[in-house]
> 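Have a look at this one before I ask anything.
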Amino acid sequence: MPELPEVETVKSTLQERLPGLTICGVDLYLPKIIQTPSPEEFCRQVAGKTFLDVGRRGKYLLISLSRGLMLVVHLRMTGQLVYTVTDESRSKYTHLIFHLNNGHQLRFADMRQFGRFWLVPEADIQAVKGMKSLGVEPLGSEFTLNFLEKELKTRRTRLKPLLLDQTFIAGLGNIYVDEALHRAGLHPLRPANTLNPREVGALFRAIREVLEEGIAGRGTSVRDYVDGTGQAGTFQEKLRVYRRSGRPCIQCGKPIERLRIGGRSAYFCPGCQR
DNA sequence: AGTCAAACCTGGGCGC
DNA sequence: TGCGCCCAGGTTTGAC
């Protein structure tokens, strides 16, 4: 499910609600989702802490708690972190419930059970698996045309797997990579070091544009994704290639095709993307 | 360095 | 209805 725009939307919806609330109890139904510390320690340490701030790095949610603790959450494919106002009955996919001191709850549900939690001292955040090696934030100031040009020049790998590589750019996933490549007119199999300056520019702008529009649309809900209030996004209505095989390209009319690249689907237009 | 397959899980959709 | 197959927004690991 969640790529950068979805995690960003969860972040902002939770940021509007959690800060100032205190965790008065935890129900953990699926201990394996807790990566560190032990499930028992996790529940013990988190109890009594107050939510201070909700942030994001790549596809990780960074939730700072009182006493210098950081709760790190990765939603992976089907994870949902939802502030639940009513005392709804628990679905079989709800694996963790934080009880809040205003009578409401923060629930984590995940059909495929891939999502993970870490609780670490704020200073030790680099100890979270994958965090230290994360690449640049594509909407941040380190991601520049100059950076992209330089990096592409030194790599021979194909564009699709490269853009999915979180140690290169943090936050892109299958949907937004395919959409960005289509907007840039670039074939997913193009070797990175074969792009001319005009193409690098097009890719740079397409990446930023598609992520910004995704955030403006409050994320893409293909199936499971909902934000921190349980609401679906709208960007699925704007997709030009993702999961549209056989349907006409909105730019040239040719049917969208699907390729298998490195075990992932790649949707693209054979007319527009070279 | 790059490429691939498999693993972690559950469920939806399709053909027969 | 049921079976078997392929697919799924992510990431890690290990092999070549």
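Keep in mind that what you see is a predicted model, and the values were worked out from it rather than measured. Just so it is clear: chains get the letters A, B, ... in the order the sequence lines come, proteins before strands, and each one is counted from 1.
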> Quick one: side chains of residues 243-251 of chain A, donor-acceptor pairs under 3.5 Å with protein atoms, not counting sequence neighbours, listed by atom name and distance.
from	atom 1	to	atom 2	distance (Å)
Arg244(A)	NH1	Arg240(A)	O	2.8
Arg244(A)	NH1	Pro248(A)	O	3.4
Arg244(A)	NH2	Pro248(A)	O	3.4

> What is the separation between atom OH on Tyr225(A) and atom P on dG10(C), rounded to the nearest whole Å?
14 Å
> One thing to verify: whether Lys160(A) and Asp178(A) come together as a salt bridge, which I'm taking to mean a side-chain N less than 4.0 angstrom from a carboxylate O.
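Salt bridge present between Asp178(A) and Lys160(A).
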> For nucleotides 13-16 of chain C, list the nitrogen or oxygen atoms of the protein found under 3.5 Å from its nitrogen or oxygen atoms, one pair per line.
from	atom 1	to	atom 2	distance (Å)
dT13(C)	OP1	Lys129(A)	NZ	3.1

> So what does Arg156(A) hit on the nucleic acid, given a heavy-atom distance under 4.0 Å: a base, only sugar-phosphate, or nothing?
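It contacts sugar-phosphate atoms only.
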> Whole angstroms only, please: what is the CZ-P distance between Arg112(A) and dG9(C)?
8 Å
> Side chains of Asp227(A) and Thr9(A): is there a donor and an acceptor less than 3.5 Å apart?
no
> On a heavy-atom basis, which atom in Gln80(A) and which in Leu75(A) lie closest, and how many Å separate them?
N-CD2, 4.1 Å
> When you compare dC9(B) with dC3(C), how far apart are their P atoms, in angstrom units rounded to a whole number?
24 Å
> Can you measure Met131(A) atom CE to dG10(C) atom P for me and round it to whole angstrom units?
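Answer to the nearest Å: 17 Å.
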> Mind checking Arg116(A) for me? I need base, sugar-phosphate or nothing, with any heavy atom below 4.0 Å counting as a touch.
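Nothing: the residue Arg116(A), judged by heavy atoms under 4.0 Å, touches no strand.
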> In whole angstroms, how far is the C1' atom of dG9(C) from the CG atom of Asp110(A)?
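For the pair Asp110(A) CG and dG9(C) C1', the rounded distance is 12 Å.
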> Please report, rounded to the nearest Å, how far the P atom of dC7(C) is from the CG atom of Asn174(A).
13 Å
> Have a look at Gly115(A) and say if it touches a base, only the backbone sugar-phosphate, or nothing, with a 4.0 Å heavy-atom cut-off.
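It contacts nothing in the nucleic acid.
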> Would you mind telling me which residue lines up with the more 5' stretch of DNA chain C, Val222(A) or Tyr60(A), judged by nearest nucleotide?
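Per heavy-atom nearest nucleotide, the more 5' residue is Val222(A).
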> Please measure how far the P atom in dA5(B) lies from the corresponding atom in dC7(C), and state the result in whole Å.
12 Å
> So, is Arg243(A) close to the dG9(C) phosphate, meaning a side-chain N or O under 4.0 Å from OP1 or OP2?
no
> Look at all strands and tell whether Gly173(A) reaches a base, only sugar-phosphate, or nothing, counting heavy atoms closer than 4.0 Å.
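Answer is sugar-phosphate: Gly173(A) comes under 4.0 Å of backbone atoms only.
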> Please report, to 0.1 Å, the donor-acceptor pairs under 3.5 Å made by any side chain of residues 180-189 of chain A, with sequence neighbours excluded.
from	atom 1	to	atom 2	distance (Å)
Arg183(A)	NH1	Glu209(A)	OE2	2.7
Arg183(A)	NH1	Glu213(A)	OE1	3.2
Arg183(A)	NH1	Glu213(A)	OE2	3.1
Arg183(A)	NH2	Glu213(A)	OE1	3.0
His187(A)	ND1	Leu189(A)	N	3.0

> What donor-acceptor contacts under 3.5 angstrom involve side-chain atoms of residues 256-264 of chain A, with partners at least two apart or in another chain?
from	atom 1	to	atom 2	distance (Å)
Arg258(A)	NH1	Ser265(A)	OG	2.6
Arg260(A)	NH1	Ser265(A)	OG	3.4
Arg260(A)	NH2	Gly263(A)	O	3.1

> Which residue in the set Leu195(A), Val136(A), Val200(A) passes side-chain contact (heavy atoms from CB on, under 4.5 Å) when paired with Leu148(A)?
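The side-chain contact (heavy atoms from CB on, under 4.5 Å) with Leu148(A) is passed solely by Val200(A) among Leu195(A), Val136(A), Val200(A).
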> Could you work out the separation of dC5(C) and dA6(B) based on their P atoms and round it to a whole Å?
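Here dC5(C) and dA6(B) have their P atoms 15 Å from each other.
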> Should stems be defined as at least three consecutive Watson-Crick or G-U pairs with both distances under 3.5 angstrom, which of them involve DNA chain B?
B:2-8 with C:10-16, B:10-16 with C:2-8
> Not counting sequence neighbours, which residues clear side-chain contact (heavy atoms from CB on, under 4.5 Å) with Arg57(A)? List them please.
Leu62(A), Met131(A), Leu134(A), Glu137(A), Ala170(A)
> Once you round it to whole Å, what is the distance between C1' of dT11(C) and CG of Leu164(A)?
11 Å
> Using the six-membered ring wherever Trp is involved, compare the ring planes of Tyr83(A) and His104(A) and label them parallel, tilted or perpendicular (cut-offs 30° and 60°).
perpendicular
> Tyr242(A) and Tyr176(A): aromatic ring centres closer than 6.0 Å?
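No.
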> Measure from CG on Leu163(A) to P on dG10(C) and round the result to the nearest Å.
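That distance rounds to 13 Å.
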> Regarding Arg158(A), tell me which of base, sugar-phosphate or nothing describes its non-hydrogen contacts under 4.0 Å with the strands shown.
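The residue Arg158(A) makes sugar-phosphate contact but no base contact.
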> Just to confirm, is there a sub-4.0 Å distance from OP1 or OP2 of dG9(C) to any side-chain nitrogen or oxygen of Tyr242(A)?
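Checking Tyr242(A) against dG9(C): at least one side-chain N or O falls below 4.0 Å of OP1 or OP2.
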> Please check the phosphate of dA8(C) (OP1 and OP2 only) for any side-chain N or O of Tyr267(A) closer than 4.0 Å.
yes
> Measure from CG on Asp165(A) to P on dT11(C) and round the result to the nearest Å.
10 Å
> For the residue pair Phe147(A) and Phe168(A), does the interplanar ring angle fall in the parallel (under 30°), tilted (30 to 60°) or perpendicular (over 60°) class?
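Taking Phe168(A) first and then Phe147(A), their aromatic rings lie parallel (interplane angle under 30°).
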> 5'-most contact on DNA chain B: Met111(A) or Gly262(A), nearest heavy atom basis?
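Between the two, 5'-proximity favours Gly262(A).
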> Mind checking which nucleotides bracket the chain A contacts on DNA chain B, 5' to 3', with an atom under 4.0 Å from a heavy atom?
dG2(B) to dG12(B)
> Using the salt bridge (Lys or Arg N to Asp or Glu O under 4.0 Å) rule, collect all pairs that involve residues 191-207 of chain A, keeping only residues at least two apart or in two chains.
Arg190(A)-Glu199(A)
> Using heavy atoms to find the nearest nucleotide of DNA chain B for Arg223(A) and Pro161(A) separately, return the residue whose nucleotide is more 5′.
Pro161(A)
> Using a strict 4.0 Å threshold on nitrogen-to-oxygen distance, state whether Arg208(A) and Glu212(A) make a salt bridge.
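Salt bridge flag = no for Glu212(A) with Arg208(A).
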> Kindly say if His74(A) contacts the phosphate of dG10(C), meaning a side-chain N or O under 4.0 Å from OP1 or OP2.
no
> Give a yes/no answer on whether the side chain of Thr78(A) brings an N or O atom under 4.0 Å of OP1 or OP2 in dG9(C).
no
> Which pairs, with at least one residue in residues 123-135 of chain A and sequence neighbours excluded, count as a side chain to side chain donor-acceptor pair (under 3.5 Å)?
none
> Anything under 3.5 Å between a donor and an acceptor, one on a side chain of residues 16-30 of chain A, the other on a protein residue two or more places apart or in another chain? List them.
from	atom 1	to	atom 2	distance (Å)
Arg17(A)	NH1	Thr13(A)	O	2.9
Thr22(A)	OG1	Thr50(A)	OG1	2.8
Asp27(A)	OD2	His99(A)	NE2	2.7

> So if I take residues 88-96 of chain A and measure heavy-atom distances to DNA chain B, which residues fall below 4.0 Å?
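Contacts with DNA chain B under 4.0 Å: Lys92(A), Tyr93(A).
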> Once side-chain hydrogen bond (donor to acceptor under 3.5 Å, both in side chains) is applied, do any residues pair with Lys32(A), and if so which ones, sequence neighbours excluded?
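Checked Lys32(A) against side-chain hydrogen bond (donor to acceptor under 3.5 Å, both in side chains); matches are Gln113(A).
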